[in-house]
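Everything below concerns the one structure shown next.
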Amino acid sequence: QTPFDRFFNSFNVFRPAPEYSDLKCSFRMQTTRTVRATDATITPAGPFCANAPSVTLTAATAGGTWTGNGITNGTTGTFDPATAGAGTHTIIYTIPGSCGDADTTTIIVNPLPVADAGNDIIIGCIPNTEQLDGSGSTAGATYQWTTSNGNIVNGGSTTSPTVDQAGAYILTVTLNGCVSTDTVNTNNSTAPLSSFLMTPSTGTILLNSTAVNNSTGTGLTYQWNSGNGGSSTGFEPAFQYDSAGTYVVTLIVTDSFGCT
């Protein structure tokens, strides 16, 4: 074996490491990511009360069309709770085109509770308290009575508070965040008027004198005193006088509110 042979046998030939530019030895890493051109996701809205003002609905991507009960402007997305009415309403937002999108949401509109403060009442003299009647209001709600010129004795957070002064009383009823109010007026009763004549008013002994009753008021009762020991609860009683003298006849009238 020649020296040349020995050199050749000890020589190693290596292939250069491939460059990434070498297409035969290069490799490629690829990640696929899908990006939607439009997004119709609707921003949640509500619930609303039936008397709430109109609102503008929004979505992730603008420029679409709004449809559904209560939508009064499909371009701007105006939703009117009063137009929709109480209930659950389906709203659709659509972005047209090949890269379009659509989304659906529901909006709840709660009805207004009923506030019924009852009929106007008259506060009597005896007793001088009255109970208001808000029982016609929506059940299960919260109740609050207020007044600026009357007085609530108790029960201000019930449907039947007790009051003892004339004034205006406001009932506020709240349910699901929705509020209604009603007002009842109370007035002091007008005192009845006692008025009468005795006829004849003069005469001789054993005079029989009969009352002519001109009293005014509501549901009156009468208490007469003849001045000589006689009495009556009649409307127009007659009294007999068997002794000479001057007699003072009195009449007390009481109305249905206990006022005299």
Side-chain angles (χ1 to χ4, degrees), residues 34-121 131-150 152-163 167-186:
T34 301
V35 179
R36 187 180 295 278
T38 58
D39 183 357
T41 301
I42 299 171
T43 304
F48 301 104
C49 296
N51 63 343
S54 296
V55 295
T56 300
L57 304 179
T58 60
T61 301
T65 301
W66 299 85
T67 56
N69 192 27
I71 296 295
T72 57
N73 189 318
T75 301
T76 61
T78 302
F79 176 81
D80 182 14
T83 300
T88 301
H89 307 285
T90 300
I91 304 300
I92 302 172
Y93 180 62
T94 304
I95 302 174
S98 58
C99 293
D101 193 18
D103 191 24
T104 301
T105 191
T106 57
I107 297 179
I108 296 174
V109 177
N110 289 318
L112 295 179
V114 174
D116 184 356
N119 297 324
D120 291 351
I121 61 174
Q131 194 171 59
L132 304 183
D133 182 13
S135 61
S137 302
T138 298
T142 59
Y143 314 99
Q144 188 62 56
W145 294 84
T146 57
T147 180
S148 61
N149 56 351
I152 300 172
V153 178
N154 56 54
S157 58
T158 70
T159 57
S160 53
T162 300
V163 302
Y169 294 86
I170 301 172
L171 171 60
T172 300
V173 180
T174 305
L175 183 65
N176 294 324
C178 302
V179 178
S180 296
T181 62
D182 191 29
T183 301
V184 62
N185 294 299
T186 64

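By convention here, the first residue in the shown sequence is residue 1.
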What pairs meet the disulfide (SG to SG under 2.5 Å) rule with one or both residues in residues 46-83, with sequence neighbours excluded? Cys49-Cys178

Looking at residues at least two apart in the chain, or sitting in another chain, which of them share a side-chain hydrogen bond (donor to acceptor under 3.5 Å, both in side chains) with Asn154? Thr162

If every non-hydrogen atom of Val173 is compared with every non-hydrogen atom of Ala141, which pair is closest and at what distance? CG1-CB, 3.5 Å

Calculate, to the nearest 0.5 Å, the distance between atoms CD1 and CG belonging to Ile42 and Asp103 respectively. 4.5 Å

Contacts of type side chain to side chain contact (heavy atoms under 4.5 Å, CB included), residue Asn119, not counting sequence neighbours: none

Test log, rule side chain to side chain contact (heavy atoms under 4.5 Å, CB included), inputs Thr94 and Ile92: CA-CA 6 Å; Thr94 304; Ile92 302 172; 3.7 Å; yes

Residues passing the side chain to side chain contact (heavy atoms under 4.5 Å, CB included) test with Thr43, sequence neighbours excluded, are Thr58

Side-chain donor/acceptor of Thr61 to backbone N/O of Asp39, under 3.5 Å: yes

Would Ile71 and Thr78 count as a side chain to side chain contact (heavy atoms under 4.5 Å, CB included) if you check the C-alpha gap in whole Å, the side-chain angles of each, and the deciding distance to 0.1 Å? CA-CA 6 Å; Ile71 296 295; Thr78 302; over 6 Å; no

Do the side chain of Ser137 and the main chain of Asp116 share a donor and acceptor less than 3.5 angstrom apart? yes

Determine the minimum heavy-atom distance between Leu175 and Gly140, stating which atoms define it. CD1-O, 3.8 Å

Residues at least two apart in sequence or cross-chain that pass side chain to side chain contact (heavy atoms under 4.5 Å, CB included) with Pro47, listed by chain then number, are Ile108, Asn110

How long is the straight-line distance from OG1 of Thr146 back to CD1 of Ile152, given to the nearest 0.5 Å? 6.5 Å

Might you point out which heavy atoms bring Gln144 and Ser157 nearest each other, and give the distance in Å? OE1-CB, 4.1 Å

Without swapping roles, check the side chain of Thr56 against the backbone of Gly77 for a donor-acceptor pair under 3.5 Å. no

Hey, is the main chain of Ser160 close enough, under 3.5 Å, to the side chain of Asp133 for a donor-acceptor pair? no

With sequence neighbours left out, which residue pairs that include part of residues 168-185 fulfil the side-chain hydrogen bond (donor to acceptor under 3.5 Å, both in side chains) condition? none

Heavy-atom closest contact (Gly63 atom, Tyr93 atom, distance): N-OH, 3.3 Å

Got Ile170 and Val184 here, is their nearest side-chain heavy-atom distance under 4.5 Å? no

Do Trp66 and Phe79 pass the side chain to side chain contact (heavy atoms under 4.5 Å, CB included) test, and can you show the C-alpha distance, the side-chain angles, and the key distance before you say yes or no? CA-CA 9 Å; Trp66 299 85; Phe79 176 81; over 6 Å; no

For a 4.5 angstrom cut-off between non-hydrogen side-chain atoms, does His89 reach Thr106? no

Nearest-0.5 Å distance, CG of residue Leu112 to CG of residue Asn51: 4.5 Å

Looking only at heavy atoms, what is the nearest atom pair of Gly70 and Ala84, with distance? CA-CB, 3.7 Å

Between CG of Asn73 and CG of Asp80, what distance do you get to the nearest 0.5 Å? 11.5 Å

What is the minimum heavy-atom distance between Tyr143 and Leu171, and which atoms define it? CB-CD1, 4.1 Å

Does Ile91 form a side chain to side chain contact (heavy atoms under 4.5 Å, CB included) with Leu57? I'd like the steps, not just the answer. CA-CA 10 Å; Ile91 304 300; Leu57 304 179; 3.9 Å; yes

